[in-house]
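Down below is the structure, laid out as structure tokens.
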Amino acid sequence: MSHPVLSRTTPTDQNQWQALADQLTFEGRAYVNGAYQWAGSGETFPSVSPIDGRQLVQVASCDQADADQAVAVARAAFDSGSWSQLAPSERKAILIRFAALIETHGDELALLETLDMGKPIGHARAVDVPATARAIRWTAEAIDKVYGELAATPHNQIGMISREPMGVVAAIVPWNFPMIMASWKIAPALATGNSVILKPSEKSPLTAIRLAELASEAGVPAGVFNVLPGFGHTVGKALALHMDVDCLVFTGSTNVAKQLMIYAGQSNMKRVWLEAGGKSPNIVFADAPDLEKAAAEAAGAIAFNQGEVCTAGSRLLVEESIRSEFIGLICEALKAWRPGHPLDPATTCGAIVDQAQLDRIIEYIAIGQSEGATLVEGGKRVLEESGGLFIEPTVFAGVNNQMRIASEEIFGPVLSVIGFRTAEEAIAIANDSIYGLAAAVWSSNINTAHKVAKALRAGSVWINHYDGGDMTAPFGGFKQSGNGRDKSLHAFDKYTELKATWLALD
Ligand code: NAD
């Protein structure tokens, strides 16, 4: 079992983080019915750190039989009412304890995340851990403040409109923000009274496994929150096709999202809610209030989390009159995003999650060059001697929106710069994508900013900044970026059925 590392003070340098990492033992078992267990088959797969290629632990490779068992356990827990029938205020209290435990174990969780998938420890500690705790606490605090409705009936009837939990929810999540993505699903699913089976990505299972234990410690009853590590085509598919899973929530690629809709149609028509890919346009007009700030945020928009961000500002649309000046500013701003050791708190750009993802990024850089785009910054693998997987943030100029580097999601730090002359042209290019997750517009002209923001087909639009948001606002995509919304009170829609109960008055 993993040792809870409760350091008295959060480490402040790489050596201290490394010392803490050396004390960690890693847990790779599934968590079902309140206890750790190996996959029924005994199969495992290695969790390998992209920082140095070190094998961290063997992880349970769950399959169909494990999915069947976990679904039966989750169903029994749901039917028992041990969680589903608690007063919302009681679920709230337990989930708030869960959030507090995440904060208490913040150093350990941040380390697990960094070692498992390569992100900088500074970000894991300052962003991922607090955002995960906040998602759970915010949602818990809301749950005893949402009311049902009464229908506008004739005087001799009462129509009561209530929300009921779905039952068994399967949540399948990706590797780029393993804890945060999980929290956006499990917080509203648990708060509304469902039982949950979380399937983390095979590339980043460690924090999910630890979260299940912390939830139990907080008081979530056995069987209510289960974690099944394993591969998408085995345990993920088994959950998606399961006849007794009521609701399937997903964050990941558009291709897998489409497949999950097929699985739901082939099985029990379970509710399917999808957060999928993106190719977000970041539109900079010549009258942007502060071009240096715009360039700094455009650099962060492509380099934060190594570009492995669904909302990455991977298409930078720049008004022609400032195009070369702005490319210079971006290249300058990217100096703040040099790859470094992920356990160094000063590092801003960490390791790429695995060899397959690194190969994919390198292949797209070659594709950009063969398509005729101009490589103006980066493009090379670096720090290879460390045994880790690092790549320089990369900028292509002279891109047109039809090139593959501009139309396909790369999921790495590769920026495509595209010129435009008018607002109409910028809107047309921005919307010419199968995706519609996010977009940004930079202009001092309030009319331009609002006209463009309104015309953009995206679930989140930022004016004069990039990547804003918090738990109070919904998050999700238009078009092939998904359906439904995470975060905010709107998230409850995904995890509840609406029931109308009619009473006829004599
Ligand atoms: P992925 O689609 O490859 O995998 C996501 C999850 O689905 C993993 O847990 C995987 O094991 C599972 N899976 C794969 N095949 C499956 C199958 N046939 N049946 C059931 N489950 C299956 O995505 P990824 O590479 O882990 O993550 C990157 C993708 O996630 C990018 O496209 C990114 O844009 C997207 N993403 C979207 C958001 C958002 O909120 N819209 C947030 C983060 C990441």
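When a ligand or atom number is given, it counts from 1 through the structure's own listing order.
- Screening residues 246-270 for salt bridge (Lys or Arg N to Asp or Glu O under 4.0 Å) gives Arg75-Asp246 as the qualifying pairs, with residues at least two apart or on separate chains.
- In this structure Glu297 satisfies the salt bridge (Lys or Arg N to Asp or Glu O under 4.0 Å) test together with Lys293, sequence neighbours excluded.
- Among residues at least two apart or in separate chains, there is no salt bridge (Lys or Arg N to Asp or Glu O under 4.0 Å) pair with a member in residues 32-47.
- Note: Trp83 and Phe225 fail the aromatic proximity criterion, with ring centroids not under 6.0 Å apart.
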Please tabulate protein-ligand N/O pairs under 3.5 Å for ligand 1, atom names and distances to 0.1 Å.
from	atom 1	to	atom 2	distance (Å)
ligand 1	2 (O)	Ser253	N	2.8
ligand 1	2 (O)	Ser253	OG	2.6
ligand 1	9 (O)	Val173	O	2.8
ligand 1	9 (O)	Lys199	NZ	3.1
ligand 1	11 (O)	Lys199	NZ	2.9
ligand 1	11 (O)	Glu202	OE1	2.7
ligand 1	11 (O)	Gly232	N	3.3
ligand 1	18 (N)	Tyr263	OH	3.4
ligand 1	19 (N)	Gly232	O	3.3
ligand 1	23 (O)	Ser253	N	3.4
ligand 1	25 (O)	Trp175	NE1	2.9
ligand 1	26 (O)	Trp175	NE1	3.1
ligand 1	30 (O)	Gly252	O	3.3
ligand 1	32 (O)	Glu409	OE1	2.6
ligand 1	34 (O)	Glu409	OE1	3.3
ligand 1	34 (O)	Glu409	OE2	2.5
ligand 1	41 (N)	Ala276	N	3.4
ligand 1	41 (N)	Ala276	O	2.7

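- A perpendicular orientation is assigned to the rings of Tyr31 and Tyr36, their planes being inclined by more than 60° (bins at 30° and 60°).
- Atom-to-atom distance recorded for Ser416:OG and Arg315:CZ is 9.0 Å, nearest 0.5 angstrom.
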